[in-house]
Amino acid sequence: MNIRQLLEERVSRALAAAGAPAPALVQHAARPEFGDYQANGVMAAAKTAKTNPRQLAQAVLEHLDLSDLAERVEIAGPGFINIRLRDDWLAQQLAAAAADSKLGVRPVAEPQTVVVDYSGPNLAKEMHVGHLRSTIIGDAVVRVLEFLGHKVIRQNHVGDWGTQFGMLIAYMVRQRAEGKTDVSTQLADLEAFYREAKQLYDSDQAFAAEARDYVVRLQSGDAECLALWKTFIDESMRHCEEVYQRLNVTLTPADVKPESAYNDDLPVLVAELREKGLLTESEGAQCVFLPEFIGKDDKPLPIIVQKSDGGYLYATTDLAAIRHRVGRLKADRILYFVDARQSLHLRQVFAVARAAGWAPESVSLEHLAFGTMMGEDGKPFKTRTGGTVKLIDLLDEAEQRALRLVSEKNPELSEEQRREVASAVGIGAVKYADLSKNRTSDYIFNWDHMLSFDGNTAPYMQYAYTRIRSIFRRGELDGKTDGSIILAEPAERALGLKLIQFEEALLTVATECVPHVLCGYLYDLAGAFMSFYEACPVLKAEEPARSSRLALCGLTAATIQTGLDLLGIRVVEQM
RNA sequence: GCCCUGGUAGCUCAGCGGAUAGAGCAACCGCCUCCUAAGCGGUAGGUCGCAGGUUCAAUUCCUGCCCAGGGCGCCA
C-alpha cells in the first residue's frame, strides 16, 4: 500500500476538476497537528491559474471525496490541504499487510531489467575499506530492486587485467624458484605479496624487465603465463568470496564478469568506432573527441580508446561492458556504484556509448558516486604503516568489539549465541554506518564511528526486533496473529502509520538508489515501536487490545526483519 | 585555468521549493518490585559558509565569492 501515491492521484484529480491541473505534491505532514499527509500543490496551481490559493483549495475540496480513508481534510495556512487518515481504514490496511508475505508491498507495474555494476575490486590487491561503500550500497539497492519485482543482473566488474599482473606473475615465479610452491600460503596476505613485488619491481632492474616480459606474454595469450595468471586470480577471488560471505553480500562467482572477459571485444569495438566516424588519431593514440568535453586551454579533451602502442585502456573495457549490457543483457537501466573520482571518466564513457549507438536514450546510465575514504587528518586514508585497512581486519575488529559488548550486556547467553550476536551486530554496525549516509563527498574513516553500537545504528533495530521476539517467547506464541487491529493509543497509531509507509520508502530507494532512506525509515519505525513498547503493555493488556497489539508487534518484527535483510543486515532472536 | 562534489547544533549526519530546520553522539535532569535500560521521557544547543537575485514562500533554485576534497591524453 502506497498512501502517498494514492493521495497524490486523488488530490491531483481534484485539482484538475477544480480547473487548475497541477501535481498535488503530497508529502508526510510536517507536524502531527497537521495530520498525516499534506498536499502542497494548491499554492503553485493558484499562482498559475491566477486565483486565490485558499479559494482554490476550497474548490479542490469540493471535488475531493476522501471520506473512505480520511477522517479530516482541511485547509490550513496559505493553502495547504492537511489530511488525517481514519483509524479504522489504517487498521484495515495493516491487517492486509500482516496477512501478506510481502507485507503489503506491491510489485512495480513495469518491471525493468537493471544491470548493477558494484564492488569491482582489483584482484591485484586485497579488498580494503575503500571497497566497502560500492559493495554494500550496491548490494542493498540490488536487494530492494529485486524485492520490488525488477529483474536485476549483478555485474562484478573485477580488475583482473593490466600491467601490474605481469609484476605479480614474475614475483610468483621467483617465489617458486625459491621453493615456495603453495599458492594459498604465498598469497595468504595478498597485500604483503603485492607490496613485496612492487618493492622488487622498483629496486631490481632485472626483475622489472621480467615483469614487463610477462605482461607481453600474458597479452599475447602465452599458455603457461595464462595458467600462472589464472592461479593468481583464482586465489585472489577466493579472498573476495570470503569477504562477501562475512559481509552478507549476495554476490556470487556467477556474478563476476571480469575485465579480461572483454579482451576479444576490444579490437571489434575500436573498429566499430572507426566505421561510425568517431575515431581520430592524435599523437599516435586512437581517440574520440566529443564537443562536450573540453580540457585545459580550451583544447578538446580526448577519450583515448587505444594507446599509441596498440594497448587498450579501461575506457575501452567499460565501453565494451556497456555494449554487452545493452546488447546481450537487454538492460533498461545500468547502475554504477563507483568512486566519485571516476565521475569524468564515466561521463565520457556514457557519452561515447550514446554517440556510438551502443546505449540508446531509452537506456538509463547512472553513476551513483560516493566519496573517497579519508584519514582523521583529512588526507587520503593510510594506516600507521602506510598501508590500507584491509576489509577483513575491519570485520574482525567489529566482531571482537561486538562480542565484548554482548558478553557484558547479556552474560547469560551461551558462547555460541554470543558469537552469533557479535557477528550480526558487529557486521551490521559496519554496514549501517555506511548505508545510513547519502554522502557523495569524501568521508573520514574512524573506528569508533564505524563500530558504534549506540543510537541510530543497526543494533538499535536489531534490539527492537529481539524485544518483540521476547514478547512472543514469553507469551508462548508462535508469532502468528489473527486478531484484528485497533488503533486506540497515540503510540499505536503512530506505529501503525509508520508500518504502512514501508512501500513508500522502498520506492524512493529504488528510483534514487539511496539506501539511507531505508535506514531512516527503519530507524523511525524502530523508534515508534520503542515508544509503543514503553507506553502499551502487550501481554498484560485486556482483549481485544492484547491481540491487536500482538498483531502490531508481529508486523513490526516482520517489517524490521525484511527491511534489515534488504540492507544485508541479519537479525537475532536474543541479544 | 576549467569541471565535479560538499560546507546545516561542539562532533557525525538527515532534510533540498512550503507552515516553529530534525536525529544520533557528547552535556544536563528524570525513569528498571513491570513483556531485555543496547531502552524511554525531558532540558540545553543553529546568523543552514558569505553576498546578491528569482518566488506568495529559499537551508532547498540561480549568479558571484570564500573554504575543503576530488578530477582534467595514452595507469585503473
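Model, not experiment: these values are computed from the prediction. Within every chain, numbering begins at 1; the chains are lettered A, B, ... in the order of the sequence lines, protein sequences first and strands thereafter.
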With a 4.0 Å cut-off on heavy atoms, is [X] in touch with a base, just the backbone sugar-phosphate, or nothing at all?
X: A:Glu259; answer: sugar-phosphate
X: A:Asp448; answer: nothing
X: A:Cys536; answer: base
X: A:Gln286; answer: nothing
X: A:Ala124; answer: nothing
X: A:Leu344; answer: sugar-phosphate
X: A:His516; answer: sugar-phosphate
X: A:Glu283; answer: base
X: A:Ala46; answer: nothing

Practice prompt. Could you list by number each residue of residues 26-34 of chain A showing a heavy-atom separation from RNA chain B of less than 4.0 Å, or answer none if no residue does?
Written response: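 Residues of residues 26-34 of chain A that come under 4.0 Å of RNA chain B are, in numerical order, A:Arg31, A:Glu33, A:Phe34.
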### Query
Got a sec? Which of residues 541-552 of chain A come in under 4.0 Å of RNA chain B, heavy atoms?
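Correct list: empty, so none.
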Salt bridge (charged side-chain N to carboxylate O under 4.0 Å, His left out) pairs, two or more places apart, involving residues 430-441 of chain A:
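Of all non-adjacent pairs touching residues 430-441 of chain A, those that pass salt bridge (charged side-chain N to carboxylate O under 4.0 Å, His left out) are A:Arg133-A:Asp434.
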Taking the [atom1] atom of each, how far is [N] from [M], in whole Å?
N: B:rU12; M: B:rG6; atom1: C1'; result: 15 Å
N: B:rG22; M: B:rG15; atom1: P; result: 15 Å
N: B:rU33; M: B:rC28; atom1: P; result: 24 Å
N: B:rU55; M: B:rA14; atom1: C1'; result: 26 Å
N: B:rU20; M: B:rA57; atom1: C1'; result: 15 Å
N: B:rG42; M: B:rG24; atom1: P; result: 10 Å
N: B:rA58; M: B:rA51; atom1: C1'; result: 15 Å
N: B:rC13; M: B:rA26; atom1: C1'; result: 15 Å

Atom [atom1] of [X] to atom [atom2] of [N]: distance rounded to whole Å?
X: A:Lys540; N: B:rU33; atom1: NZ; atom2: C1'; result: 11 Å
X: A:Leu522; N: B:rG24; atom1: CG; atom2: P; result: 16 Å
X: A:Asn40; N: B:rU60; atom1: CG; atom2: C1'; result: 14 Å

Once base and sugar-phosphate atoms are separated, protein heavy atoms under 4.0 Å mark nucleotides 38-44 of chain B, 5' to 3', with B, S and - as BSSS---
Its contact letters, B for base, S for sugar-phosphate only and - for none at protein heavy atoms under 4.0 Å, make nucleotides 5-12 of chain B read SSS----S
Does the plane of the ring in [X] sit parallel, tilted or perpendicular to the ring in [Y]? Use 30° and 60° as the thresholds.
X: A:Tyr336; Y: A:Phe350; value: tilted
X: A:Phe232; Y: A:Phe193; value: tilted
X: A:Phe532; Y: A:Phe529; value: tilted

- prompt: So, is B:rC29 syn or anti if syn means the angle is within 90° of 0?
  reply: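 What B:rC29 shows is an anti base, its glycosidic angle lying more than 90° from 0.
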*For B:rG73, measure the glycosidic angle (O4'-C1'-N9-C4 for a purine, O4'-C1'-N1-C2 for a pyrimidine) and name it syn if it falls within 90° of 0, otherwise anti.*
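What B:rG73 shows is a syn base, its glycosidic angle lying within 90° of 0.
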Give a yes/no on whether any side-chain N or O of A:His157 is located under 4.0 angstrom from OP1 or OP2 of B:rA76.
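Checking B:rA76 against A:His157, no side-chain N or O comes under 4.0 Å of OP1 or OP2.
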- Contact under 4.0 Å: A:Lys125 side-chain N or O vs B:rA76 OP1/OP2: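 No, no such contact exists.
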Rounded to the nearest 0.5 Å, what's the gap from [atom1] on [X] to [atom2] on [Y]? Could you check?
X: A:Gln155; Y: A:Leu335; atom1: CD; atom2: CG; answer: 12.0 Å
X: A:Ser260; Y: A:Asp160; atom1: OG; atom2: CG; answer: 3.5 Å
X: A:Asp117; Y: A:Leu365; atom1: CG; atom2: CG; answer: 11.5 Å
X: A:Thr280; Y: A:Ile304; atom1: OG1; atom2: CD1; answer: 12.0 Å
X: A:Leu477; Y: A:Ile471; atom1: CG; atom2: CD1; answer: 10.0 Å
X: A:Gln38; Y: A:Leu7; atom1: CD; atom2: CG; answer: 12.0 Å

Go nucleotide by nucleotide along RNA chain B from the 5' end; which of A:Asn438 and A:Thr163 gets its closest nucleotide reached first?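 Comparing both residues, the 5'-ward one is A:Asn438.
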- Query: Mapping A:Ala285 and A:Phe532 onto RNA chain B by nearest heavy atom, which one lands closer to the 5' end?
  - Reply: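 Nearest-nucleotide comparison on RNA chain B picks A:Phe532.
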- Which pair of heavy atoms, one from A:Cys240 and one from A:Leu123, lies closest together, and at what distance?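 Smallest heavy-atom distance, with atoms named: SG-CD2, 3.9 Å.
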Under 3.5 Å side-chain donor-acceptor pair for A:Tyr262 and A:Asp318: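 No pair is found: no donor N or O on one side chain lies under 3.5 Å from an acceptor on the other.
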- request: Would you kindly say whether A:His128 and A:Glu191 are connected by a side-chain donor-acceptor distance under 3.5 Å?
  value: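 The criterion, which ignores hydrogens and geometry beyond distance, is not satisfied for A:Glu191 and A:His128.
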Open item on the list: Given 3.5 Å as the limit, does a donor-acceptor pair link the side chain of A:Asn156 with the main chain of A:Gly120, or not?
Closed with: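 Side chain of A:Asn156 to backbone of A:Gly120, a donor-acceptor pair under 3.5 Å: yes, one is there.
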### Task
Mark yes or no for whether A:Gln342, through its side chain, and A:Asp339, through its backbone, hold a donor-acceptor pair below 3.5 Å.
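No; judged by distance alone, with no hydrogens or angles, the pair does not exist.
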Next on the checklist: Of the options B:rG73, B:rA76, B:rC35, whose atoms approach the side-chain atoms of A:Tyr314 most closely?
Outcome noted: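 The nucleotide sitting nearest to the side chain is B:rA76.
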Discussion item. Let's see if you can work this out: which of B:rC35, B:rC75, B:rG18 has an atom nearest to the side-chain heavy atoms of A:Val538?
Written reply: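 Nearest listed nucleotide: B:rC35.
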> Any Lys/Arg nitrogen of A:Arg401 or A:Asp448 sitting under 4.0 Å from an Asp/Glu carboxylate oxygen of the other?
Replying inline: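 Counted as a salt bridge, because a side-chain N and a carboxylate O are separated by less than 4.0 Å.
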Base-paired stems that RNA chain B participates in, counting runs of 3 or more Watson-Crick or G-U pairs under 3.5 Å: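 Correct response: B:1-7 with B:66-72, B:10-13 with B:22-25, B:27-31 with B:39-43, B:49-53 with B:61-65.
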Does A:Asn82 make a side-chain donor-acceptor contact with the base of B:rA19, cut-off 3.5 Å?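 Indeed there is one.
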Q) Is a donor-acceptor pair below 3.5 Å formed from side chain A:Gln38 to base B:rA19, judging by atom type as modelled? A)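 Yes, the side chain and the base share a sub-3.5 Å donor-acceptor pair.
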**Request:** For salt bridge (Lys or Arg N to Asp or Glu O under 4.0 Å), just list the numbers for A:Arg404 and A:Glu408, CA-CA rounded to whole Å, side-chain angles, deciding distance to a tenth of an Å, and then say yes or no.
**Result:** CA-CA 6 Å; A:Arg404 250 176 279 146; A:Glu408 175 194 317; over 6 Å; no
